[in-house]
Amino acid sequence: MKNDAKTVDGYLQALPADRRAAISAVREVILANLPTGYEECLHYGMIGYVVPHSLYPAGYHCDPKLPLGFACLGSQKNHMALHLMSVYGNPTAEAWFRKAWQATGKKLDMGKACVRFKKLEDVPLEVIGQVFARTPVKQYIAAVEKAISGRKKKV
């Protein structure tokens, strides 16, 4: 779902009412649980949560002009999605997330980092809050740097 918004509020206003309500509800939970240091912005055409250059000047290793992405929340053509980079490539975090979600009795539709949902009722908001709250900025930066250094050694 193409959205040419320049601000988070603009992004939300451009959504159909049902999607706006669902995305806004998930966003409220994220903001209430987002550890200090992360910033909300538009990132890859979605609502993004990033480590700003002021905290991590190196930025995203594939494009250092971009801040280091932590998560994105967006409305796609056939679903809404939450992209959780703290879960991607971290088997312990992924196992915790899957177990916590399944414990709620709700069906999980997830790829490697992308959680897809059609309506707000499909999302256990308490689990979303927990997955954000459990990853402080310094811990996330350390995990990313470890992953990047591991890739460089293998090449």
Side-chain angles (χ1 to χ4, degrees), residues 1 3 8 11-12 15 19 21-53 55-64 66-155:
M1 186 172 245
N3 189 322
V8 172
Y11 180 89
L12 292 168
L15 296 175
R19 293 279 182 107
I23 294 288
S24 293
V26 175
R27 177 183 177 233
E28 285 178 25
V29 170
I30 292 170
L31 291 173
N33 289 279
L34 193 65
T36 302
Y38 293 108
E39 290 182 358
E40 183 182 63
C41 63
L42 287 182
H43 195 63
Y44 291 108
M46 296 177 277
I47 301 172
Y49 302 92
V50 302
V51 180
H53 283 107
L55 288 181
Y56 190 64
Y60 176 46
H61 67 282
C62 293
D63 185 351
L66 294 176
L68 179 60
F70 175 62
C72 284
L73 173 64
S75 180
Q76 307 300 321
K77 182 179 179 182
N78 295 313
H79 61 271
M80 291 168 278
L82 182 60
H83 301 267
L84 299 170
M85 297 311 296
S86 64
V87 173
Y88 178 76
N90 182 334
T92 303
E94 181 182 350
W96 172 86
F97 182 76
R98 288 180 181 278
K99 184 177 179 181
W101 188 293
Q102 290 168 350
T104 69
K106 297 185 185 239
K107 183 176 186 273
L108 177 62
D109 180 3
M110 182 177 176
K112 290 184 178 184
C114 177
V115 177
R116 294 169 290 274
F117 58 100
K118 302 244 185 213
K119 56 190 186 305
L120 182 59
E121 295 75 28
D122 296 338
V123 181
L125 293 173
E126 67 279 7
V127 175
I128 300 305
Q130 291 168 9
V131 77
F132 277 81
R134 64 186 277 134
T135 312
V137 171
K138 287 183 180 179
Q139 178 184 322
Y140 181 62
I141 292 170
V144 168
E145 288 182 338
K146 181 179 178 185
I148 292 168
S149 69
R151 288 183 188 177
K152 288 178 181 176
K153 289 178 183 174
K154 291 179 184 177
V155 173

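Side-chain atoms are counted along with the backbone in the values below, which use heavy atoms only and exclude waters and symmetry mates.
To the nearest 0.5 Å, atoms CD1 (I30) and CG (L73) are separated by 5.0 Å. Atom-to-atom distance recorded for S24:OG and L120:CG is 10.0 Å, nearest 0.5 angstrom. Considering CG of L34 and CD of E39, their distance stands at 10.0 Å, rounded to 0.5 Å. Rounding to the nearest 0.5 angstrom, the gap separating the CD atom in E126 from the OG1 atom in T104 is 6.5 Å. To the nearest 0.5 Å, atoms CG (L82) and CD1 (I47) are separated by 10.5 Å.
Residue F70 is tested with Y49, Y60, Y56, F132 for a ring pair (Phe, Tyr, Trp, His ring centres under 6.0 Å); the sole match is F132.
Between Y38 and V50, every side-chain heavy-atom pair lies at or beyond the 4.5 Å cut-off. R134 places none of its side-chain heavy atoms less than 4.5 Å from the side chain of S86. Side-chain contact check for T36 versus V137: every heavy-atom pair is 4.5 Å or farther apart. With a 4.5 Å cut-off on side-chain heavy atoms, P124 and W101 count as touching. Put simply, the side chain of W96 reaches to within 4.5 Å of the side chain of V131, judged on heavy atoms. Contact of the V87 side chain with the M110 side chain is registered, since non-hydrogen atoms from C-beta on lie closer than 4.5 Å. When side chains are defined from C-beta on, M80 does not count as touching V26, because their heavy atoms never get closer than 4.5 Å. By the 4.5 Å heavy-atom criterion applied to side chains, D122 and K107 are not counted as neighbours.
With hydrogens and angles disregarded, a donor-acceptor distance shorter than 3.5 Å links the side chain of K106 to the backbone of E121. Judged by distance alone, with hydrogens and angles left aside, the side-chain atoms of H53 form a donor-acceptor pair with the main-chain N or O of L66 at under 3.5 Å. Between the side chain of H79 and the main chain of V115, no donor-acceptor pair closer than 3.5 Å is present. For Y140 (side chain) and G69 (main-chain N/O), a donor-acceptor pair under 3.5 Å exists by modelled atom type. Although no hydrogens or angles enter the test, the distance criterion places a donor-acceptor pair under 3.5 Å between the side chain of S149 and the main chain of K146.
Scanning for ring-ring contact (aromatic ring centres under 6.0 Å, His included) contacts around F117 gives an empty result, with sequence neighbours left out.
Nearest heavy-atom pair, G111 versus R116, reported as atom, atom and distance to 0.1 Å: N-NH2, 3.5 Å. Among all heavy-atom pairs drawn from A113 and Y88, the shortest one is CB-CB, 3.6 Å. For the pair P35 and A133, the tightest heavy-atom approach, listed with the atom from each and the gap, is CG-O, 4.0 Å.
With a 6.0 Å radius and a threshold of 12 heavy atoms from other residues, nucleotides or ligands, K112 has its NZ atom at or below the threshold.
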